[in-house]
Chemist: 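There's a structure below that I have some questions on.
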Amino acid sequence: MSLIVGLTGGIGSGKSTVAELFVQQGAGLIDTDVIAHHLTRANGKAITAIRAAFGNEYITDAGALDRTKMRGLIFSDVAAKQQLERILHPLILEQAKTQLQQLKTKPYIIMVVPLLPESPFQQLAQRVLVVDCDENTQVARVIARSRMSETEVRSIVAQQTSRAERLQLADDVIHNETGLDSLASQVKVLHAQYLRMQNSN
């Protein structure tokens, strides 16, 4: 059985960049966000259930999830967020398990889960790797890559597991404040460590 490392971090912390660096080292990758996008695109597996639960106004004319509208709802309504998770999480888990089978020849697997501490995917991970950075850095990055305002981004950060709680759960931490070279060298160190752990299994 491959070692599965749950990679998590707040919005804008650099999870995708770190995951890509691990892939370059030869790791297998499962990205639960990518799976979620797949499930909620036009005619995706989750669309019928989302339409039934939330109504047509949350589905675009093309038949995909209206992400902007849904984001507005779930950040203002905890019950709606839980309802969406009840639809998506079992489907994501099922897909993740399928992908695990397909990746079993890889030396170890990085599983990207943005909200790992709050999700059922924690059961799959043997180790937790947190990508960490200062909150102001997170906010600046998200504003730079999206059309969200600072207020919107800060409200998302506030709803996620706190930085302190994430770090408490971490077996390993990558600090993402000083650029790509620093990230790459931290990834190389952990890559060697994960190979040793996998080989001693």
Side-chain angles (χ1 to χ4, degrees), residues 2-37 67-68 71 74-75 92 96 99-100 103 106-119 121-122 124-201:
S2 294
L3 171 71
I4 301 167
V5 179
L7 188 157
T8 193
I11 187 170
S13 60
K15 295 179 295 296
S16 300
T17 307
V18 170
E20 187 49 47
L21 288 168
F22 274 107
V23 170
Q24 288 169 22
Q25 295 290 330
L29 176 67
I30 295 172
D31 189 329
T32 58
D33 250 2
V34 171
I35 296 173
H37 275 262
R67 294 179 184 286
T68 309
R71 189 189 296 125
I74 63 175
F75 282 114
I92 295 171
Q99 289 185 20
L100 280 174
L103 293 168
K106 294 287 182 182
Y108 62 92
I109 292 161
I110 297 289
M111 182 175 67
V112 184
V113 186
L115 304 175
L116 185 68
E118 303 149 39
S119 78
F121 313 114
Q122 204 166 355
L124 294 177
Q126 280 107 28
R127 281 186 86 74
V128 175
L129 167 59
V130 169
V131 183
D132 181 56
C133 67
D134 175 74
E135 189 177 301
N136 290 332
T137 307
Q138 281 180 264
V139 172
R141 282 181 187 148
V142 178
I143 291 170
R145 75 178 188 209
S146 71
R147 292 194 293 265
M148 285 191 269
S149 68
E150 181 173 348
T151 310
E152 284 178 295
V153 179
R154 287 200 183 275
S155 78
I156 292 172
V157 171
Q159 292 215 3
Q160 295 187 337
T161 308
S162 75
R163 185 181 180 189
E165 283 176 88
R166 263 197 307 272
L167 289 170
Q168 216 170 1
L169 282 168
D171 296 298
D172 307 300
V173 178
I174 283 183
H175 301 282
N176 185 11
E177 301 277 6
T178 52
L180 208 51
D181 288 349
S182 164
L183 277 188
S185 59
Q186 291 179 77
V187 165
K188 275 186 178 155
V189 170
L190 284 173
H191 169 68
Q193 180 186 321
Y194 295 154
L195 286 181
R196 281 195 304 274
M197 292 173 76
Q198 177 63 40
N199 293 335
S200 65
N201 268 358

Chemist: Mind checking whether Phe22 and Val112 have side chains closer than 4.5 Å, heavy atoms only?
Modeler: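 The answer is no, as the side chains (C-beta and beyond) never meet within the 4.5 Å cut-off.
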
Chemist: Minimum heavy-atom separation for Val128 to Leu169, with atom names?
Modeler: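 Where Val128 meets Leu169 most closely, the heavy atoms are CB-O, 3.7 Å.
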
Chemist: Measuring from Arg196:CZ to Leu3:CG, what's the distance to the nearest 0.5 Å?
Modeler: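 If we round to the nearest 0.5 Å, Arg196:CZ and Leu3:CG are 12.0 Å apart.
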
Chemist: Please answer whether the main-chain N or O of Gly12 pairs with a side-chain N or O of Arg141 as donor and acceptor at a distance below 3.5 Å.
Modeler: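 Side chain of Arg141 to backbone of Gly12: a pair is present.
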
Chemist: Any donor and acceptor pair, going by atom type alone, linking the side chain of Gln99 with main-chain N or O of Ile30 inside 3.5 Å?
Modeler: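 Here the side-chain-to-backbone pair does not exist.
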
Chemist: With a 3.5 Å distance limit and no angle check, can you tell me whether Asp132 reaches the backbone of His175 through a side-chain donor-acceptor pair?
Modeler: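 A pair under 3.5 Å: no.
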
Chemist: Which heavy atom in Pro114 sits nearest to a heavy atom in Thr8, and how many Å separate them?
Modeler: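 The pair with the smallest heavy-atom distance is O-OG1, 2.9 Å.
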
Chemist: Rounded to the nearest 0.5 Å, how far apart are CD of Gln168 and OG1 of Thr161?
Modeler: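 The CD atom of Gln168 sits 11.5 Å away from the OG1 atom of Thr161.
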
Chemist: Indicate yes or no: at least one non-hydrogen side-chain atom of Leu100 is less than 4.5 angstrom from one of Leu124.
Modeler: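 When only atoms from C-beta onward are counted, Leu124 and Leu100 do touch, with a gap below 4.5 Å.
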
Chemist: Does the distance from a Lys or Arg side-chain N to an Asp or Glu carboxylate O, for Arg127 and Asp172, drop under 4.0 Å?
Modeler: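 Here Arg127 pairs with Asp172 in a salt bridge, since their nearest N and O are under 4.0 Å apart.
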
Chemist: Using 30° and 60° as the class boundaries, would you call the ring planes of His191 and Tyr108 parallel, tilted or perpendicular?
Modeler: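 Tilted: the ring planes of His191 and Tyr108 meet at 30° to 60°.
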
Chemist: For Leu103, which of Ile109, Leu29, Ile110 qualifies under side-chain contact (heavy atoms from CB on, under 4.5 Å)?
Modeler: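 Of the listed residues Ile109, Leu29, Ile110, the side-chain contact (heavy atoms from CB on, under 4.5 Å) partner of Leu103 is Ile109.
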
Chemist: Should Asn136 and Arg154 be marked as a side chain to side chain contact (heavy atoms under 4.5 Å, CB included) after you check the CA-CA gap, both sets of side-chain angles, and the distance that decides it?
Modeler: CA-CA 9 Å; Asn136 290 332; Arg154 287 200 183 275; 2.8 Å; yes

Chemist: Donor-acceptor pair, distance only, cut-off 3.5 Å: does the side chain of Thr137 make one with the backbone of Cys133?
Modeler: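 Checked: no pair found.
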
Chemist: Begin from the C-alpha positions of Leu190 and Ile174 and carry the test side chain to side chain contact (heavy atoms under 4.5 Å, CB included) through to its verdict.
Modeler: CA-CA 9 Å; Leu190 284 173; Ile174 283 183; 3.6 Å; yes

Chemist: Please report the C-alpha distance between Ile156 and Arg71 in whole Å, then the side-chain angles of each, then the deciding distance to 0.1 Å, and finally whether the side chain to side chain contact (heavy atoms under 4.5 Å, CB included) criterion is met.
Modeler: CA-CA 10 Å; Ile156 292 172; Arg71 189 189 296 125; 4.1 Å; yes

Chemist: With no hydrogens and no angle check, is any side-chain donor or acceptor of Asn176 less than 3.5 Å from a backbone partner on Ser13?
Modeler: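 Yes; at least one donor-acceptor contact below 3.5 Å.
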
Chemist: Show the numbers, then the answer: is there a side chain to side chain contact (heavy atoms under 4.5 Å, CB included) between Arg163 and Glu135?
Modeler: CA-CA 8 Å; Arg163 185 181 180 189; Glu135 189 177 301; 5.8 Å; no

Chemist: Nearest 0.5 Å, please: how far is CD in Glu20 from CG in Asp31?
Modeler: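 Between Asp31 CG and Glu20 CD, I get 10.5 Å after rounding to 0.5 Å.
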
Chemist: Given side chains that start at C-beta, do those of Val187 and Gln25 come closer than 4.5 Å, heavy atoms only?
Modeler: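 Answer yes - side chains close enough.
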
Chemist: Can a donor-acceptor pair be found, under 3.5 Å and without considering hydrogens, that links the side chain of Gln126 to the backbone of Val5?
Modeler: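 Not a single qualifying donor-acceptor pair exists.
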
Chemist: For Arg147, I'd like to know if atom CZ has over 12 heavy atoms of other residues, nucleotides or ligands within 6.0 Å.
Modeler: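 Open.
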
Chemist: Do Met111 and Leu7 touch side chain to side chain, with heavy atoms closer than 4.5 Å?
Modeler: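 When only atoms from C-beta onward are counted, Leu7 and Met111 do not touch, as no gap falls below 4.5 Å.
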
Chemist: Looking only at heavy atoms, which two atoms of Ile92 and Ala36 are closest? And how far apart?
Modeler: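 Looks like CD1-CB, 3.9 Å.
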
Chemist: Is a side-chain donor or acceptor of Lys15 paired with a backbone partner of Gly10 at a separation under 3.5 angstrom?
Modeler: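 Such a contact is found between Lys15 side chain and Gly10 backbone.
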
Chemist: Considering non-hydrogen atoms only, spot the tightest contact between Met148 and Glu152 and give its length.
Modeler: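 Heavy-atom minimum between the residues: CA-OE1, 3.3 Å.
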
Chemist: Is it the case that the side chain of Gln160 and the backbone of Ile11 share a donor-acceptor pair, with hydrogens and angles ignored and the cut-off at 3.5 Å?
Modeler: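 Pair found, side chain donor or acceptor close to backbone of Ile11.
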
